[in-house]
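Quick caveat, the model's predicted, so the values are computed rather than measured. Atoms within each ligand, like the ligands themselves, are counted from 1 in listed order.
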Amino acid sequence: MNTEIHADRQALAIATARRFDALARQAITRQGRFSVALSGGSTPRDLYRRLATAPLVNRINWKRVHLFWGDERCVAPEHADSNYAMVQDALLSQVSVPFGQIHRIQGEIDPHVAAVAYEDHLRHFFPAADPRFDLVLLGMGSDGHTASLFPESPAVVQALDASSQRWVVATPSDAAAPWRVTLTPLAINAADQVIFLVAGGEKAATLNQVLNGPFQPRTLPAQLIRPIRGSLIWMVDAAAASLLS
Ligand code: 6PG
């Protein structure tokens, strides 16, 4: 696995922000737009804040950026648990991404309806056979989940069914917000670039299991992320990497 270890959360956020900037510039030069699926969670929030401050905030051509979400909690967009609300606060309040280029998941409606609507939206945006995001940002929980793909969850069981062609599904979660909408591994693995952002010693044992342990995706869903043709990099801090064998 391609892994980059940084001293601490801030160094991790700075390094990832620089990668984001480079990927955005390449994509905009190549195709006139940059499509990125954002992650929720506290680790990516540091990254979003970095992107919203100088010098990067002035380097990135936000008018060519399309923002998507890798998952969303089924709450209103202004709710404290909303991933959209977190990105709005950390990034969108500071940069001018055209409204029609902010593709949020409708957490405020029925989860299954929201999942179908988002998948339809993605199939319209990506006319090819799969959603080839330029970048998908992911976090990882200490239980090995990523996006809203939780261990032993219906979304993970469905992902292991090779016949499933879904790009977006609704899934129950035992966290604060009972339901979530998430990209499936099929959708995530179509991306040109996937970046995992992992920080904190509480994730060290799981990170080692995910990267170096046996393949057991039902209990470690992060192992389902294996881009078909794109590349995957694990951007981690020293604390999270402390048990890597
Ligand atoms: C979410 C994310 C989730 C997150 C992990 C890690 O909706 O919260 O999709 O998968 O990335 O739980 O979160 P932290 O970065 O806060 O540890």
Is the shortest heavy-atom distance from the side chain of Ile60 to the side chain of Phe34 under 4.5 Å?
no
query = Touching ligand 1 at all, Ala147? Heavy atoms, strictly under 4.0 Å?
reply = yes
Ligand 1 to Gly139, heavy atom cutoff 4.0 Å, flagged ligand atoms 11 (O)
* Take every heavy atom of Pro44, measure it against each atom of ligand 1, and state whether any distance is under 4.0 Å. => yes
TODO: Please determine if Arg50 forms a cation-pi arrangement with Phe20, meaning its NZ or CZ atom is less than 6.0 Å from the six-membered ring centre and no more than 45° off the ring axis.
DONE: no
Mutual orientation of the aromatic rings belonging to Phe68 and Tyr118 [parallel < 30°, tilted 30-60°, perpendicular > 60°] = perpendicular
Can a donor-acceptor pair be found, under 3.5 Å and without considering hydrogens, that links the side chain of Ser153 to the backbone of Leu149? no
Using modelled atom types and a 3.5 Å cut-off, is there a donor and acceptor pairing between side-chain atoms of Asp237 and backbone atoms of Gly200? yes
Closest to atom 4 (C) of ligand 1 among protein heavy atoms sits Gly40 O, 3.9 Å
Contacts satisfying salt bridge (Lys or Arg N to Asp or Glu O under 4.0 Å) that involve residues 197-224 (not counting sequence neighbours) are Glu152-Arg218
Nearest heavy atom to atom 14 (P) of ligand 1, choosing from Lys203, Glu72, Met140, Arg45, belongs to Lys203
protein heavy-atom neighbour closest to atom 13 (O) of ligand 1 works out as Gly41 CA, 3.9 Å
Atoms of ligand 1 under 4.0 Å from any heavy atom of Arg180, numbered from 1 in the order shown, are 1 (C), 7 (O)
Numbered in order shown, the ligand 1 atoms found under 4.0 Å of a heavy atom of Arg73 are 1 (C), 7 (O), 8 (O)
Ionic contact status for Arg104 with Glu72, cut-off 4.0 Å: no
Is there any N or O on Thr43 that sits under 3.5 Å from an N or O of ligand 1?
yes
### Query
Can you tell me if Gln193 uses its side chain to pair, donor with acceptor, with the backbone of Asp134 under 3.5 Å?
no
Quick look: Val198 vs ligand 1, heavy-atom contacts under 4.0 Å, and the answer is neither
Short version for Ser42: what comes under 4.0 Å of ligand 1, heavy atoms counted, is both
Quiz prompt | Phe150 six-ring face occupied by Arg180 cation (under 6.0 Å, within 45°) | solution = no
Ranked by distance from atom 5 (C) of ligand 1, the top protein heavy atom is His145 NE2, 3.4 Å
Do Thr146 and ligand 1 have an N or O pair less than 3.5 Å apart? no
